[in-house]
Protein chains: 2
Amino acid sequence: MKDGPDISKIATLIGDPARSNMLLVLMDGRALTASELASAAGITKQTASFHLARLLDGALLAREIQGRHHYFRLDNADVGHAIEALLGIAQNRTGKRTRTGPKEPALRKARICYDHLAGELGVLVYDRMCAQRWLEGAGNETFVTPKGWVALKRIGITKPDPTKSRRPQCKTCLDWSARRHHLSGVMGQHLLKQFFELGWAQRLPKTRIIKFSNKGEASFRNWLN
Amino acid sequence: MKDGPDISKIATLIGDPARSNMLLVLMDGRALTASELASAAGITKQTASFHLARLLDGALLAREIQGRHHYFRLDNADVGHAIEALLGIAQNRTGKRTRTGPKEPALRKARICYDHLAGELGVLVYDRMCAQRWLEGAGNETFVTPKGWVALKRIGITKPDPTKSRRPQCKTCLDWSARRHHLSGVMGQHLLKQFFELGWAQRLPKTRIIKFSNKGEASFRNWLN
DNA sequence: TTTATGGTTCGACTATGATCGAACTATGAA
DNA sequence: TTCATAGTTCGATCATAGTCGAACCATAAA
């Protein structure tokens with residue numbers, strides 16, 4: 001009677017079509033920007049912002065601000081669990097079964113995350129670079145070591161003039177599908193661009209999938225040892 | 001985009017405070033009447049009827065009409081599962097833990113279901129009466145056998161004048177907590193009344209719990225062999 | 001039959017909340 | 001600095017949906 005568990009408030013949050021569409025898109029674990037979510041839900045930026053604020057307030061989503069991009073993801077596993085339970089009722093009602101898209105594994109392996117590499121291979125880059133002391137520090141205070149610059153030069157990335165920009169070159173970004181961090185920021189952007197220019201990988205149109213060729217992935221893994 | 005899984009419709013159904021209150025009350029598995037649900041949710045009969053129709057349409061509730069009483073219960077386990085998942089988010093948000101009431105086991109053992117005995121002991125009555133051929137038939141076509149009337153007479157229930165009423169004396173009622181049928185209808189009502197008059201059991205005030213005394217339960221089980 | 005009660009339907013009122021145009025803020029690039 | 005873009009805030013509009021009074025239907029008891 002009084003307040004109790006606010007089940008109705010949470011259900012109301014999920015109940016709006018625009019919001020449920022956003023949540024469903026996020027069900028695969030990705031973190032998407034507000035604009036991406038807006039187009040996924042078929043609404044304007046303003047409306048999306050309105051809804052995202054409510055979802056944040058209700059602790060259904062978490063926001064990670066990286067530059068001018070605001071990434072939204074499901075706040076915790078409980079949220080995903082509840083949505084799956086609701087999906088269970090819905091599919092029981094229609095008799096249909098959910099079929100997971102065939103592109104899902106490819107997305108988890110390598111995908112573009114705004115401008116850098118995410119997924120298993122993205123996490124691999126970060127792990128290997130840290131393990132070999134090419135990177136030091138953590139979070140937004142991550143720097144490339146001299147040893148790292150040597151390695152980067154091998155694939156054509158040169159150390160920029162330190163007088164031009166004092167901004168940190170590296171940032172880390174939590175990778176939902178792997179639950180670990182990968183490299184983003186300017187360095188992440190440069191790395192991905194270089195993978196493309198080296199012909200190691202290309203982006204599949206209309207999706208976020210990054211497809212490494214067999215030869216490209218071999219060179220990629222070789223570079224990281 | 002088009003229709004997809006109607007997760008938002010289902011969430012909207014749960015999202016209304018009146019409806020979520022009803023659903024929460026039904027979470028223990030009982031089947032309650034529209035009026036009981038109305039008072040539980042703090043709304044009028046008309047409003048409750050409006051909401052219950054929507055919950056029926058959405059297949060969240062099932063209705064079983066017995067006489068002028070309409071009993072509502074959760075339609076299937078998936079519904080309960082989804083509500084529990086939503087409760088999980090809600091309690092995580094406030095940091096509180098749900099504590100299952102201590103009255104829960106007592107409710108499952110024996111409770112009043114409108115006017116007759118439900119719960120484990122209610123199911124036991126029906127099972128034993130069927131097993132000993134005191135009852136024949138099923139559903140709303142259940143009748144007391146001659147052998148049954150002998151047994152009933154032992155606890156003071158006599159066969160009514162068959163000319164007075166041609167209505168079936170017995171009905172069965174699905175017991176949610178046990179997932180099996182128990183005896184309702186006029187016979188169920190008479191039986192429970194007799195249990196009270198014999199001093200075997202009494203009703204705990206303010207709850208639906210029926211408390212059998214140790215001696216009463218022994219006599220009860222003895223009567224049923 | 002009459003009377004009482006449980007439940008639904010109808011109609012009108014009301015409030016909440018979703019939506020978008022427009023203006024504003026913040027970050028990044030040149 | 002200026003320009004472009006991502007995101008939020010404000011304000012006004014509009015529709016949906018919850019609410020209850022009143023009337024109606026169905027069942028049961030007397």
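Basis for what follows: all heavy atoms, side chains included, without hydrogens, waters or symmetry-related copies. Every chain is numbered from 1 and lettered A, B, ... according to where its sequence line falls, protein lines coming before strand lines. Predicted model only: the values in this text are computed from it and were never measured.
- In this structure, the CG atom of Leu55(A) is 10 Å from the P atom of dA18(C), given to the nearest Å.
- One interatomic measurement links the two molecules: CD of Glu36(A) to C1' of dA6(D), which rounds to 11 Å at whole-angstrom precision.
- The main-chain N or O of Ser8(A) is found under 3.5 Å from a side-chain atom of Thr12(A) such that the two form a donor-acceptor pair.
- Between Ala38(B) and Ala48(B), the shortest heavy-atom distance links the atoms CB-CB, 3.5 Å.
- Comparing the end axes of the helix from dT1(C)-dA30(D) to dA30(C)-dT1(D), each fitted to five base pairs by superposing C1' atoms of four pairs onto the next four, gives an inter-axis angle of 30° (nearest 10 degrees).
- Here the C1' atom of nucleotide dG17(C) and the CD1 atom of Ile14(A) are 17 Å apart, to the nearest Å.
- If you check dG7(C), dT19(C), dT8(D) against the side chain of Arg63(A), the one that comes closest is dT8(D).
- Between the CZ atom of Phe72(B) and the P atom of dG7(C) there is a distance of 7 Å, rounded to whole Å.
- Within the structure, a side-chain polar atom (N or O) of His70(A) is placed less than 4.0 Å from OP1 or OP2 of dT8(D).
- Here the C1' atom of nucleotide dT5(C) and the CD1 atom of Ile65(B) are 16 Å apart, to the nearest Å.
- When the P atom of dT19(D) is taken as reference, atom CG of Leu52(B) falls 12 Å away, rounded to whole Å.
- Not a single donor-acceptor pair under 3.5 Å links the side chain of Arg19(B) to the backbone N or O of His51(B).
- Here the side chain of Gln194(B) pairs a donor or acceptor atom with the backbone of Ile155(B) at under 3.5 angstrom.
- Atom CG of Leu13(A) and atom P of dG17(C) are 10 Å apart (whole Å).
- Among dG7(C), dG6(C), dA6(D), the nucleotide with an atom closest to any side-chain atom of Ser35(A) is dA6(D).
- The line from CG of Leu87(A) to CD1 of Ile10(B) is 8.5 Å long, rounded to the nearest 0.5 Å.
- Of the options Val79(B), Leu52(B), Asp75(B), a side chain to side chain contact (heavy atoms under 4.5 Å, CB included) to Leu61(B) is made by Leu52(B) and by none of the others.
- Nearest heavy atom pair, residue Ala31(B) against residue Tyr71(B), reads O-CD2, 3.3 Å.
- Residues Ala11(B) and Leu86(A) approach most closely at CB-CD1, 4.2 Å, considering heavy atoms.
- Nearest to the side-chain atoms of Ile43(A) among the listed nucleotides dG7(C), dA4(C), dC20(C) stands dC20(C).
- In this structure, Trp200(A) and Phe220(A) have perpendicular ring planes: the angle between them is above 60°, well past the 30° mark.
- In this structure, Leu56(B) places its CG atom 15 Å from C1' of dT9(C), rounding to the nearest Å.
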List, with names and distances, any nitrogen or oxygen atoms from the protein found under 3.5 Å away from nitrogen or oxygen atoms belonging to nucleotides 9-18 of chain D.
from: dG18(D); atom 1: OP1; to: Arg19(B); atom 2: NH2; distance (Å): 2.8

